[in-house]
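Throughout, a chain's letter reflects where its sequence line sits, starting with A, and its residues are numbered from 1.
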Protein chains: 2
Amino acid sequence: MKLTTKGRYAVLALTEIALSEDKNLIKISEIAKSQNISSTYLEQILSNLKKNGFVKAVRGPNGGYKLALKAENIIMSDVIEVIEGKIEAKGCSHKNVSCTGISGKCLNHDLWDELGKQIDLFLSHISLKDILEGNILGRSRAPIIAENCDKMTIN
Amino acid sequence: MKLTTKGRYAVLALTEIALSEDKNLIKISEIAKSQNISSTYLEQILSNLKKNGFVKAVRGPNGGYKLALKAENIIMSDVIEVIEGKIEAKGCSHKNVSCTGISGKCLNHDLWDELGKQIDLFLSHISLKDILEGNILGRSRAPIIAENCDKMTIN
DNA sequence: TAATTCTTGACTAGTTTTGTCAAGAAATAC
DNA sequence: GTATTTCTTGACAAAACTAGTCAAGAATTA
């Protein structure tokens with residue numbers, strides 16, 4: 001579970017590409033310059049986005065990048081998974097049962113599993129179009145309230 | 001926004017301490033052994049948890065750790081913030097306005113801000129007691145549905 | 001054909017993570 | 001009060017990862 005500059009630059013680049021969509025293609029060097037990011041570093045990221053079908057590249061003079069999908073079909077969970085790898089959560093080392101619950105599974109796993117699920121759930125509801133439209137703020141939600149589940153209580 | 005072994009070990013240690021609460025104090029070496037974690041590494045983590053009031057330490061023979069608070073008052077967002085530092089999200093480099101929206105703020109900031117808020121919101125509703133009771137799974141929720149906000153649409 | 005732009009992969013500096021080690025301080029059992 | 005146990009603190013270090021560089025090459029168009 002991590003978020004590095006690569007993930008942020010990827011979304012940033014997609015935003016820039018989308019915003020210049022009506023004009024024409026946008027070059028790596030233009031994105032790099034306008035955002036003050038290393039263009040050789042951006043190459044890696046855009047190459048990855050291309051390989052995974054989010055953008056298309058055109059080589060040669062006046063070449064550059066454009067979106068390969070409509071902005072509403074570019075989903076943030078997909079983008080981040082491609083760039084950062086899968087949101088994954090590890091629990092304990094399983095050497096011992098002292099932290100296992102009723103399910104025989106480490107009690108801590110549930111926390112990280114569910115947090116990973118929450119992050120993925122959030123990002124899977126956000127498209128590039130939402131970002132372009134400024135439709136993000138205020139969308140996060142508190143988890144479902146826990147019930148007091150006596151049969152599972154310890155102590 | 002990161003989650004390292006330190007955060008996971010911290011929750012793991014808290015779980016072990018809570019589970020042995022009725023018996024007596026639990027030693028670092030016991031936790032380290034049962035979870036197969038380096039005990040000297042655990043020291044750093046427990047020292048931090050102590051400094052921040054989550055656990056109490058007793059030195060000397062038959063010493064060890066116990067919870068300083070009730071399990072229901074040990075909130076995961078607090079624990080993780082202490083151990084991993086604040087969930088923070090950065091957007092773009094602000095050198096240019098090409099990615100700024102109506103608010104004059106980088107469009108991407110919203111995404112990372114709101115994701116950070118979502119993670120914090122989730123963790124702030126989970127206590128150590130919830131973990132002990134296995135009351136975690138199924139609690140994550142999809143974000144609020146975006147409205148089509150025409151006045152903000154680009155393109 | 002020349003210029004432009006993306007493509008690919010190897011390489012590297014710096015930072016962070018994940019520990020280790022050692023000297024010391026406090027508490028208790030005897 | 002001495003020895004033992006256990007936590008406390010801070011310096012140190014290997015390994016992994018991040019962020020970025022560099023260079024040779026392939027495709028496209030003017």
Separation of atom [atom1] in [X] from atom [atom2] in [N], rounded to whole Å:
X	N	atom1	atom2	result
A/N48	D/dA19	CG	P	14 Å
A/Y41	D/dC22	OH	P	16 Å
B/L25	D/dT6	CG	C1'	11 Å
A/L42	D/dT21	CG	P	11 Å
A/K27	C/dA3	NZ	C1'	12 Å
B/R8	C/dT17	CZ	P	13 Å
A/I37	D/dA19	CD1	P	11 Å
B/I45	D/dT8	CD1	P	14 Å

Which is true for [X] with a 4.0 Å heavy-atom rule: it touches a base, it touches only sugar-phosphate, or it touches nothing?
X	result
B/G63	sugar-phosphate
B/T5	sugar-phosphate
B/L46	nothing

Side-chain donor/acceptor of [X] to backbone N/O of [Y], under 3.5 Å:
X	Y	answer
A/D130	A/S127	yes
B/E84	B/G7	yes
B/E114	A/S140	yes
B/Q118	A/R141	yes

Is the shortest side-chain N/O distance from [X] to OP1 or OP2 of [N] below 4.0 Å?
X	N	value
A/S47	C/dT7	no
B/K51	D/dT9	no
B/S38	C/dT20	yes
A/Y9	D/dG20	yes
B/K50	D/dC7	no
A/Y65	C/dT5	no

| task | Check every atom of C/dT17, D/dT4, D/dC22 against the side chain of B/P61 and return the nucleotide holding the closest atom. | result |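 Selected nucleotide (nearest to the side chain): D/dT4.
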| Among the nucleotides C/dA26, C/dT17, D/dT6, which one has an atom lying closest to any side-chain atom of B/R59? |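 It is C/dA26.
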| query | Quick one: on DNA chain D, does A/N62 or A/S39 contact a more 5' nucleotide (nearest heavy atom)? | reply |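 The answer here is A/S39.
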| task | Treating Ile, Leu, Val, Met, Phe, Trp and Tyr as nodes and any side-chain heavy-atom pair under 4.5 angstrom as an edge, say whether B/L111 and A/I75 lie in one connected cluster. | result | no
| request: Using only heavy-atom distances, decide whether a donor-acceptor pair under 3.5 angstrom links the side-chain of A/Q44 to the base of D/dT21. | output: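 Present.
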| field | For A/I83, the option from A/V11, A/T4, A/N48 that meets side chain to side chain contact (heavy atoms under 4.5 Å, CB included) | value |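 Testing A/I83 for a side chain to side chain contact (heavy atoms under 4.5 Å, CB included) against A/V11, A/T4, A/N48 leaves exactly one candidate, A/N48.
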